[in-house]
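Since the structure comes first, as structure tokens, the remarks are kept for the end.
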Amino acid sequence: MTSGEFPRAFFLRPTVEVAKDLIGAWIARRQGDAWYGGRIVETEAYLGAADRAAHSWAGRRTPRNEPMYMEGGHLYVFMVYGMHHCANVVTRDPEIAEAVLLRAAEGPPGTPAGLLSGPAKLCSHLGITSAYSGRDLLAGDDLRLLRGILAPPELAMTPRIGVDYAGEAKSWLLRFIDLNSPAISGPRRLNSAAKILISE
DNA sequence: CACATGATCGCCT
DNA sequence: GGCGATCATGTGG
């Protein structure tokens, strides 16, 4: 696995592929001269108009989710529960409103365990707010995604978290985790219903 | 560990 | 008006 920035084409691929391949990638945030961040260990795919759990379900298009309709590689950040933010990487071509939710990352050694374990905690501690919604990840200079430099992770897939309202889509296996990471969100969320190993 | 609850407000119907 | 792509805390087993 090589290191460095992802090219635009990476984000234009099928959303599930992007969600898988972002496991093991790094998210980096600049604060002055220093960079902070972590290794992404948990993502979820949101599949646009056909996906009842997605904000773009049934073609919904509002000021809030407008970034989902942008070209892959942009950021879609929204607020939930009036107090938390969630960050998504938009995928595919313009007008195809799909995205990958960044759910958890592992901080460098020495950082408190669980600091980035959860979509809202990740945003909070990396300072990602609604101000970043609609931004192009390939254009900014203070928030970047970088290819992983470690061995490819062992992946598992499970249903997504917190989408019980989504009918049939709630059981779709669109959550991807690094099996060996201690930083997965929630209380050892593996043992619930469906879990499948993926052979890389 | 599993589950339940409250906080809190922007966004959409 | 109602409802979350969450989290911290509290209870009980």
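Protein chains get the first letters and strands the later ones, always in sequence-line order, with residue 1 at the start of each.
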Lys/Arg cation over aromatic A/Phe10: A/Arg13, 6.0 Å, 45° cone: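 That pair qualifies as a cation-pi contact.
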Near-strand residues of residues 111-121 of chain A, defined as heavy-atom separation under 4.0 angstrom from DNA chain C: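 Within residues 111-121 of chain A, the residues near DNA chain C are A/Gly118, A/Pro119, A/Ala120, A/Lys121.
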Salt bridge present between A/Arg160 and A/Glu44 (N-O < 4.0 angstrom):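 A/Glu44 and A/Arg160: not salt-bridged.
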Pairing of A/Glu168 and A/Arg52 as salt bridge, 4.0 angstrom limit: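 No, A/Glu168 and A/Arg52 are not salt-bridged.
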Touch class at under 4.0 angstrom, heavy-atom based, for A/Arg60 against every strand present: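 Answer is sugar-phosphate: A/Arg60 comes under 4.0 Å of backbone atoms only.
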How close or far is atom [atom2] of [N] from atom [atom1] of [X], stated in whole angstroms?
X: A/Asp164; N: C/dG4; atom1: CG; atom2: P; result: 10 Å
X: A/Phe78; N: C/dA5; atom1: CZ; atom2: C1'; result: 4 Å
X: A/Arg64; N: B/dT13; atom1: CZ; atom2: P; result: 10 Å
X: A/Arg61; N: B/dT13; atom1: CZ; atom2: P; result: 14 Å
X: A/Ile161; N: B/dA2; atom1: CD1; atom2: P; result: 12 Å
X: A/Arg52; N: C/dC3; atom1: CZ; atom2: P; result: 14 Å
X: A/Arg103; N: C/dC7; atom1: CZ; atom2: P; result: 7 Å
X: A/Asn65; N: B/dG10; atom1: CG; atom2: P; result: 18 Å

Short side-chain donor-acceptor distance under 3.5 Å, A/Tyr76 and A/His55: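 Present: a donor and an acceptor within the cut-off.
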Candidate list A/Glu17, A/Glu71, A/Glu98, test salt bridge (Lys or Arg N to Asp or Glu O under 4.0 Å), partner A/Arg92, passing option: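 It is A/Glu98, the one option of A/Glu17, A/Glu71, A/Glu98 that forms the salt bridge (Lys or Arg N to Asp or Glu O under 4.0 Å) with A/Arg92.
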OH/A/Tyr36: more than 12 non-hydrogen atoms of other groups inside 6.0 Å: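 Incorrect, the count does not exceed 12.
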A/Leu101 side-chain proximity, nearest of C/dA5, C/dT6, B/dG10: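 Output: C/dA5.
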Nearest-neighbour nucleotide for the A/Met83 side chain, B/dA7, C/dA5, C/dT6 considered: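 That would be B/dA7.
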Per-pair stack call A/Tyr46 and C/dA5, 5.5 Å, 30°: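 Yes.
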Toward the 5' end of DNA chain C, by each residue's nearest nucleotide, A/His125 or A/Tyr76: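 This one resolves to A/Tyr76.
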Taking every non-hydrogen atom, the tightest pair across A/Ser133 and A/Pro67: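 Shortest heavy-atom contact: OG-CG, 3.5 Å.
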Identity of whatever pairs with C/dA5 - Watson-Crick or G-U, under 3.5 angstrom: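 When the pairing criteria are applied, nothing turns out to pair with C/dA5, so the answer is none.
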